[in-house]
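All values below were derived from every heavy atom in this structure, side-chain atoms included, with hydrogens, water molecules and symmetry-related copies excluded. Letters go in sequence order (proteins before strands), and every chain restarts at 1.
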There are 2 protein chains.
Amino acid sequence: MLSKKTKYGIKAIVYLARQKDRTPVQIATISNEESISLKFLESILLTLRKNGVLGSKKGKGGGYYLLKDPKDINMANVMRVLEGPIAMVPCVSLNFYEKCDDCPDENACAVHGLMAQVRDSSLEIFRNTTLADLSQ
Amino acid sequence: MLSKKTKYGIKAIVYLARQKDRTPVQIATISNEESISLKFLESILLTLRKNGVLGSKKGKGGGYYLLKDPKDINMANVMRVLEGPIAMVPCVSLNFYEKCDDCPDENACAVHGLMAQVRDSSLEIFRNTTLADLSQ
DNA sequence: TCATTATCCTAGTAAATAGATAGGGTTTAT
DNA sequence: ATAAACCCTATCTATTTACTAGGATAATGA
């Protein structure tokens with residue numbers, strides 16, 4: 001299941017991508033427009049900023065803005081920042097790899113092969129989808 | 001994340017598919033061979049039986065066995081039985097559809113479209129993969 | 001028939017995670 | 001200065017996951 005965190009995070013950056021210009025948008029504005037809890041959204045935007053997706057400006061007239069052009073933001077990166085691994089099992093994850101404790105031989109594991117295929121196809125979609133695609 | 005339940009369930013049916021014949025195999029045997037907690041596996045096999053994947057026989061010489069030929073068991077069905085929806089969000093699920101409360105218009109939702117693509121590609125893999133494929 | 005074997009089934013529990021919420025601290029524009 | 005906004009850590013509650021307990025039921029065979 002996709003977490004609300006990821007869902008809200010994507011909605012928020014789509015909202016930013018749809019803005020006419022790149023002037024900062026306040027959390028409260030996005031919260032109202034997209035019906036997302038203010039405090040929850042605050043923490044989500046913070047992680048997006050800490051991971052290089054968003055920039056922010058403090059004080060009056062401040063807010064969040066996209067650091068790159070929407071067409072240069074691919075969803076694989078966004079998914080990893082918000083949701084974590086794209087793979088369904090750690091043992092097939094490219095960026096968050098972990099060995100299974102219950103699996104003596106990874107290559108002999110039936111689950112491993114299947115989940116590697118699923119990861120590949122999902123990853124291809126996320127990599128080839130940009131924020132610009134989602135914002136149209 | 002794939003649940004342990006699903007992972008163990010797949011391992012168990014792969015184990016059954018690899019048997020020479022279709023005589024019942026005891027839970028305890030699978031539990032030992034695949035290093036899966038006996039009681040947990042018991043409940044997993046029970047749900048597989050209740051959903052038409054496995055048959056069972058009680059009493060001495062009893063156990064679980066596949067109801068169909070491995071090449072006629074597609075993993076989409078197995079995944080739905082064990083893991084639930086294949087889609088990452090209920091609003092794009094074919095078999096477990098639910099409307100989002102926070103989404104006024106589904107077709108205008110950027111997350112919806114992206115997740116529908118992911119569901120399609122995952123589903124294609126699961127549908128085209130049989131238990132026989134995994135057992136080789 | 002009766003003891004043994006093995007599944008059936010309901011309920012419960014501990015730990016982790018999700019989804020928020022609280023409440024200040026810090027920075028900036030005016 | 002003062003108000004506007006983000007920054008940051010901590011906490012809380014509900015749900016889910018992973019697993020456990022313990023008996024009920026059914027089949028086999030001596």
Q. Do any side-chain nitrogens or oxygens of A/S56 fall under 4.0 Å of OP1 or OP2 in D/dC7?
A. yes

Q) Is the closest side-chain donor-acceptor distance between B/E98 and B/S93 under 3.5 Å? A) no

Q) How is A/K4 classified with respect to the nucleic acid when contacts are heavy atoms under 4.0 Å: base, sugar-phosphate, or nothing? A) sugar-phosphate

Q) Which whole-number value in Å describes the distance from A/K39 NZ to C/dG24 P? A) 11 Å

Q: Check the distance between C/dA18's P and A/I36's CD1 and give it to me in whole angstrom.
A: 17 Å

(Q) Can you tell me which nucleotide in C/dC9, D/dC7, C/dT21 comes closest to the side chain of B/K50? (A) C/dC9

**Q.** Whole-Å distance separating the CG atom of A/L45 from the P atom of C/dA20
**A.** 14 Å

Q: Rounded off to whole Å, could you give me the CG-to-C1' distance for the A/L38 and C/dA22 pair?
A: 12 Å

Q.
So does B/K68 get a backbone contact from the side chain of B/D72, meaning a donor-acceptor N/O pair under 3.5 Å?
A. no

Q) Does A/K7 get its side chain close enough to the base of C/dG19, under 3.5 Å, for a donor-acceptor pair? A) no

Q. Any donor-acceptor pair under 3.5 Å joining the side chain of B/E42 to the base of C/dC8?
A. yes

Q.
Rounding to an integer number of Å, can you tell me how far B/Q26 CD sits from C/dT4 P?
A. 17 Å

(Q) Nearest whole Å is fine: how far is D/dC12 C1' from A/F40 CZ? (A) 14 Å

(Q) So, does B/R49 get its side chain near the phosphate of C/dA6, meaning an N or O under 4.0 Å from OP1 or OP2? (A) no

Q.
For a quick check of understanding: with a heavy-atom distance under 4.0 Å over all strands, which category does A/I27 fall into, base, sugar-phosphate or nothing?
A. sugar-phosphate

Q: Could you check how far CE of B/M1 sits from C1' of C/dA16, rounded to whole Å?
A: 11 Å

Q: Identify which nucleotide among C/dA20, D/dC19, D/dC6 has an atom closest to any side-chain atom of A/Y8, counting heavy atoms from C-beta outward.
A: C/dA20

Q) How about A/M79 and A/I125: do any of their side-chain heavy atoms sit closer than 4.5 Å? A) no

Q. Any donor-acceptor pair under 3.5 Å linking the side chain of A/S122 with the backbone of A/V118?
A. yes

Q | Crowding at CD, A/Q19 (>12 non-hydrogen neighbours, <6.0 Å) | A | yes

**Q.** Rounded distance in Å - OH (A/Y65) to C1' (D/dA5)
**A.** 14 Å

(Q) If the test is side chain to side chain contact (heavy atoms under 4.5 Å, CB included), which one of A/I73, A/N74, A/D69, A/I10 qualifies with A/L131? (A) A/I73

Would you tabulate the side-chain donor-acceptor contacts of residues 40-51 of chain A under 3.5 Å, counting partners in other chains and residues two or more places apart, or write 'none'?
| from | atom 1 | to | atom 2 | distance (Å) |
| --- | --- | --- | --- | --- |
| A/S43 | OG | A/F40 | O | 2.8 |
| A/T47 | OG1 | A/I44 | O | 2.8 |
| A/N51 | ND2 | A/T47 | O | 2.7 |

Q: Can you figure out which of C/dT7, D/dG22, C/dT21 approaches the side chain of B/Y64 most closely?
A: C/dT7

What does the list of N/O pairs under 3.5 Å between the protein and nucleotides 26-30 of chain D look like, with a distance for each?
| from | atom 1 | to | atom 2 | distance (Å) |
| --- | --- | --- | --- | --- |
| D/dA26 | O4' | B/K58 | NZ | 3.2 |
| D/dT28 | OP1 | B/K57 | NZ | 2.7 |

Q. Given D/dA18, is OP1 or OP2 found less than 4.0 Å from the side-chain N or O atoms of B/S37?
A. no

(Q) Looking at B/N95, is its backbone amide N or carbonyl O close enough to the side chain of B/R80 to form a donor-acceptor pair, meaning the two atoms are under 3.5 Å apart? (A) no

